[in-house]
Amino acid sequence: MNPEDWGELVSLVAGATAETLYMVGLSGLLAVGIGLPLGVALFVIAPKGLTPWPRLHAVLGGVVNAGRSLPFVVLLIAAIPLTRLIVGTSLGSSAAVVPLTLGAIPFFARIAEAALREVDPGRVEAVVSMGGTLRHLILMVLLPEALPALVAGITLTAVVLVSFSAMAGVVGGGGLGDLAIRYGYQRFNTQVMIATVVVLIGLVQGLQSAGDWLARRVAHKR
Amino acid sequence: MISVEGLRKVYRQGGGRTAREVVALDDVTLTVPKGEIFGILGRSGAGKSTLIRCLNLLERPTAGRVVVGGQDLTALDATALRQQRRRIGMVFQHFHLLQSRTVADNVAVPLEILGQDRAQRRRRVAELLDLVGLADRADAYPGQLSGGQKQRVGIARALAAEPDVLLSDEATSALDGETTAAILDLLRDVNARLGVTILMITHEMPVVKAICGSAALLEGGRLVEHGRLADLAADPASALGRALLPARAPMPQGAGAGVLAELTFVDPLAATPLLGLLARELSVAVTLLGGGVELIGGRRVGRFQVGLKGGGSATDPAPILSFLNTHGVRAVLL
């Protein structure tokens, strides 16, 4: 392999990495921003929750389960009309963010719900006994007490999004997965294939280590 | 201050056809005067926890009224109930401190709920930490504290909003003996200094004996007796009274001591030279077989086992007992 090829390889992989980071970062932020309130709602309105609302809980739970039961590649296609409505086009990295977000919202909502369920109900009850409102319970007890588990959940969601984003090539979203398929699989370019795998592994390792470090840090003080 | 009328709590256990009803509290009626330290004793499963949780409606009673500070809690809507709860502090067996907050921030929780500003909160938290002797641990996290320290934080937190009533749910049951004594001292101190009415449930008689003025016994969801501690102790028929005084020493069988009886005295009678009087007036020889005097609910209560022997060959206990009873001593034959 000559130096020119090396340069091209680096710029290819760097561009794809940037696309992946963009898609994972934006959809991750959106998924947490929407999935967290959804998870809190699922926890709070559960039949034995703080303010039970069984009907709405059943509906929300059903929607979340439906979202989780779709294979991502199907969601990617099925979401095209919505993507067009929001982004204006169904092609490119920004367009891929819509299905990625849609896929990650129910995933993170369930993780958040499970994290809240791990909070000792006695601590919630203590604040109820002080006359705390639902807002107090959520902001003073549930979220802060569940923070280490929530951070771990965010890490997990980011890693899953890296994996989902590999399919973004289907809608011309680019990214590392797309690069691996186009160059490594369709053009038998082993160098690109290897480089992609290495960067993906490094990326996931980095995300996991950063997440673990943060979770330890928020749990450490207690 | 606290008045409970006809309180009943029924749980449904299981579901569908196998569902059955469990009566946790059955027609409990109880009054706790202002400034009192009132103990509710019972074995586990007697309904103690359900009872105390009904007092701030953490548990909604199936029937009956809960009146705290003149306000019937069972009649309030959610907003009004929250307002009333802010006047009732609660201390828990397992502390239930927020792990994500420092000691100072835990104590500040009720103040944040009241909407106090930062400066107000800081002042009040400093006062409270002084009161419970933890001023130097303000910035520690609950995970760094011992059990006794955690309970002090729990007490400071419960007192933060200056409640009229403190509910203590087995506050010392997770602590060792020495720490228990220190926490009880703190509760007594809080009661004396702030005039807070304290209602505590416990399965430990020594806890009641140490700080309560009155007590009640809960058995199978029913309140079987209640009253001032000294009165209970003076009543030979009272199960609580029995438990308050030292166990009876084994009695000698048929020895020459005569008729065996148990005498219970309460202040100021405990000081009366009654046994001498008995010997002089009825010519009865009194043999002391066992017993003692204890300070219970602020009064001295004595209970003695004695042998009574009259002049004749067979002692007739009836005149002796009636003599003792007219002098205010409760005497029963053993």
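For the numbers below, each heavy atom of this structure counts, side chains included, while hydrogens, waters and symmetry mates do not. In what follows, chains carry the letters A, B, and so on, assigned in the order in which the sequence lines appear, proteins first and then strands, with residues in each chain numbered from 1.
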Exercise for the section: For each of A:Val128, A:Asp120, A:Val124, tally heavy-atom pairs with chain B at distances under 4.5 Å, and name the one with the top tally. Expected result: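 Option with the greatest count: A:Val128.
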Distance check, rounded to the nearest 0.5 Å: B:Leu55 atom CG versus A:Ser129 atom OG?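 If I round to the nearest 0.5 Å, the distance is 12.0 Å.
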Side-chain touch [X]/[Y], heavy atoms, less than 4.5 angstrom:
X        : Y        : result
B:Met90  : A:Glu125 : no
A:Met130 : B:Arg85  : no
A:Met140 : B:Glu112 : yes
A:Val127 : B:Ile113 : yes
A:His136 : B:Val109 : no

| task | Check whether B:Leu98 gets within reach of chain A through its side chain, its backbone, both or neither, counting any heavy atom under 4.5 Å. | result |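 Both the backbone and the side chain of B:Leu98 come within 4.5 Å of chain A.
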Report which part of B:Leu97 has an atom under 4.5 Å of a heavy atom belonging to chain A: side chain, backbone, both, or neither.
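Contact with chain A: backbone only.
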**Study point:** CD/B:Gln120: more than 12 non-hydrogen atoms of other groups inside 6.0 Å
**Key:**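 More than 12 heavy atoms, drawn from other residues, nucleotides or ligands, come within 6.0 Å of this atom.
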Count the heavy atoms belonging to other residues, nucleotides or ligands that lie under 6.0 Å from CZ of B:Arg122, then report whether that count exceeds 12.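 No, not enclosed.
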Check your understanding: Do any N or O atoms from the side chain of A:Glu145 and from the backbone of B:Ser100 form a donor-acceptor pair under 3.5 angstrom?
Key ->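 Judged by distance alone, yes, a pair lies under 3.5 Å.
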Please determine, among B:Arg157, B:Arg87, B:Gln83, the option with the most heavy-atom pairs under 4.5 Å with chain A.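 Greatest number of close heavy-atom pairs with chain A: B:Arg157.
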